[in-house]
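Reading through the structure tokens given below for one structure.
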Amino acid sequence: MLDSFLISSDIQRKWIEKFKTIEDTFKQRAAKEDIDSKFPFDNIKWLVEEGYSVLTLPKSYGGEGATIEDMVVLQSYLGAIDGATALSIGWHLSVVGQLYQQHMWSQTMLDQFAKEVKNGALVNRAVSEADTGSPTRGGRPATHAIKTKDGYKLNGVKTFTSMSKALTHYIVAAFVEDIQEVGFFLIPRESKGLEIADNWNMLGMRATESHDLVLNDVIVPFENFVETKHKPQPNGWILHIPSVYLGIAQAARDYAIEFAKTHSPNSIDGTIATLPTVQQNVGKMESLLLSARHFLWSTARGYNQYNETLNIWNETSASKILVMNQGLEVVDLAMRIVGAKSLEMDRPLQRYYRNMRAGLHNPPMEDAAYMNIAKSILDLM
């Protein structure tokens, strides 16, 4: 499935072998969970029980201490098995990785939350809102936090809360009235006044159950006001997003290759793999995947040597753009090879296509990424 010479660590080898043991099971579940728009609870349960949820928690906190490169390789592999499962757990891995690498909370809260993660906690950020659009564009959240004698009282609605029903904790962005800036609050699932709207009904990534998170007078302890806005710095953990979509494109390629090798209409001798047009499309697919994979993985590897003098902002933004655009083309070529049968609902290609389209709307947005890259080149940052 992946270039074996790019597998570079024992963590990667260990988890790829583990994934092979459940690959068929996850793939069998994926079609029904997509149609029913039901979250892959059994998949996530397996991942947590096997220890994948502590993958990006540093060893000093009792985790596995995976690097960004490890995460990218493994998420690409898992994405090829089931995109919705991979994207869901990927948000958790990304949040945990960034929190501890960048020391975004107080040491007391980091220590405390590490224990929760080791006990199976799952976390994601809840930052998007209907009126602000993508949080990366800087809109002020309508969700607000008011200081009271018992803590902060939060009210608001968050959209696109991926893995909403499986999460044990939410990191919620809100406008904090007493300091007049945006802050982030760690809110446990069992908090009074916290609800899941159960309104996820989308074309793509249906099984992520990214419902609205509704906050009705939720009281959050003072110590759970964990963050204010930090000085921006490159965040390689966000590469979990293109990793998943690279995996989906790989899955589409694999399906089309197998179809080409075995499909033999009576109008030709042999299989369609002998047709020049099919061979040309296969060559295009493979070239696009090779390009996207090597660019993404080399960017991830760059974070192993990252320091303040090594600027990889542009590579990080470009990875999402390149993987998404080339991945979409790969899926399109795969569907051309398979033909009209690619639209049959009992084949996975139509799901790969829908899920790939969803990736266009994960951060960073393409126009914003291009603008930031251009400004850095033109010295306008």
Side-chain angles (χ1 to χ4, degrees), residues 1-7 16 19-20 23-24 26-27 30-31 34 72-84 86-87 203-205 239-265 267-268 270-300 318-360 362 366:
M1 181 187 296
L2 299 175
D3 296 337
S4 58
F5 74 91
L6 290 175
I7 307 303
I16 287 173
F19 289 158
K20 288 177 180 178
E23 182 171 348
D24 290 341
F26 278 22
K27 284 182 175 179
D34 172 74
V72 163
V73 171
L74 294 175
Q75 283 295 102
S76 297
Y77 198 100
L78 186 57
I81 297 172
D82 181 10
L87 186 64
L203 181 72
M205 285 296 178
L239 293 175
H240 85 93
I241 296 173
S243 303
V244 170
Y245 292 103
L246 177 65
I248 294 171
Q250 179 74 43
R253 173 265 188 205
D254 293 346
Y255 188 88
I257 295 297
E258 183 62 25
F259 184 88
K261 288 179 178 180
T262 57
H263 184 56
S264 180
S267 57
I268 63 172
T271 69
I272 64 170
T274 62
L275 300 177
T277 184
V278 170
Q279 293 174 3
Q280 186 172 21
N281 284 337
V282 168
K284 287 181 181 177
M285 279 197 310
E286 198 68 10
S287 298
L288 289 164
L289 273 174
L290 286 169
S291 169
R293 186 183 305 124
H294 282 260
F295 188 90
L296 174 62
W297 289 13
S298 67
T299 300
S319 291
K320 163 71 179 345
I321 299 168
L322 189 146
V323 168
M324 283 311 310
N325 289 336
Q326 296 190 186
L328 281 164
E329 189 173 354
V330 167
V331 176
D332 179 70
L333 288 165
M335 296 180 81
R336 290 172 185 268
I337 291 169
V338 175
K341 292 180 182 293
S342 66
L343 300 176
E344 293 175 357
M345 292 301 290
D346 58 354
R347 294 181 188 267
L349 277 177
Q350 49 77 29
R351 183 174 74 254
Y352 299 153
Y353 174 79
R354 290 184 287 107
N355 284 348
M356 282 295 297
R357 296 297 303 182
L360 291 172
N362 289 142
E366 182 171 321

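All residue numbers refer to positions in the sequence shown, counting from 1.
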side-chain contact (heavy atoms from CB on, under 4.5 Å), that's the test. Do M205 and I248 meet it? Break it down for me. CA-CA 11 Å; M205 285 296 178; I248 294 171; 3.7 Å; yes
To the nearest 0.5 angstrom, please state how far the [atom1] atom of [X] sits from the [atom2] atom of [Y].
{"X": "L360", "Y": "K320", "atom1": "CG", "atom2": "NZ", "answer": "6.5 Å"}
{"X": "L78", "Y": "E23", "atom1": "CG", "atom2": "CD", "answer": "10.0 Å"}
{"X": "L87", "Y": "N362", "atom1": "CG", "atom2": "CG", "answer": "5.5 Å"}
{"X": "I7", "Y": "I16", "atom1": "CD1", "atom2": "CD1", "answer": "3.5 Å"}
{"X": "S243", "Y": "L74", "atom1": "OG", "atom2": "CG", "answer": "9.5 Å"}
{"X": "R351", "Y": "L203", "atom1": "CZ", "atom2": "CG", "answer": "13.0 Å"}

Restricting to side-chain contact (heavy atoms from CB on, under 4.5 Å), what partner residues turn up for P265, sequence neighbours left out?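 With neighbours one apart ignored, the set is H263, S267, I268, I272.
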Any side-chain heavy-atom pair of [X] and [Y] under 4.5 Å:
{"X": "D254", "Y": "Q250", "result": "yes"}
{"X": "L289", "Y": "L246", "result": "yes"}
{"X": "M324", "Y": "M356", "result": "yes"}
{"X": "T271", "Y": "T262", "result": "no"}

Partners passing salt bridge (charged side-chain N to carboxylate O under 4.0 Å, His left out) against E344 (at least two apart in sequence or in another chain):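 Checked E344 against salt bridge (charged side-chain N to carboxylate O under 4.0 Å, His left out); matches are R347.
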List in chain and number order the residues that pass side chain to side chain donor-acceptor pair (under 3.5 Å) with [X], two or more places apart in sequence or in another chain; answer none if no residue qualifies.
{"X": "Y352", "value": "none"}
{"X": "D82", "value": "N43, T85"}
{"X": "K261", "value": "none"}

Closest heavy-atom pair and its distance - [X], [Y]:
{"X": "L296", "Y": "S76", "value": "CD2-OG, 4.5 Å"}
{"X": "Y245", "Y": "V323", "value": "C-CG1, 4.3 Å"}
{"X": "V244", "Y": "G83", "value": "CG1-O, 3.6 Å"}
{"X": "G270", "Y": "S264", "value": "O-OG, 2.6 Å"}

For S287, is there any backbone N or O sitting under 3.5 Å from a side-chain donor or acceptor partner on S291?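 Answer holds: no.
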Does any N or O in the side chain of Q350 come within less than 3.5 Å of the main-chain N or O of S342, such that one atom is a donor and the other an acceptor?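 Between the backbone of S342 and the side chain of Q350 there is no qualifying donor-acceptor contact (under 3.5 Å).
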Step through the shown structure and confirm whether more than 12 heavy atoms of other residues, nucleotides or ligands are within 6.0 Å of OH on Y353.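 No.
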Validation: residues 326-341 side-chain donor-acceptor distances under 3.5 Å, sequence neighbours left out:
| unit_1 | atom_1 | unit_2 | atom_2 | d |
| --- | --- | --- | --- | --- |
| Q326 | NE2 | L288 | O | 3.0 |
| D332 | OD2 | R336 | NE | 2.7 |

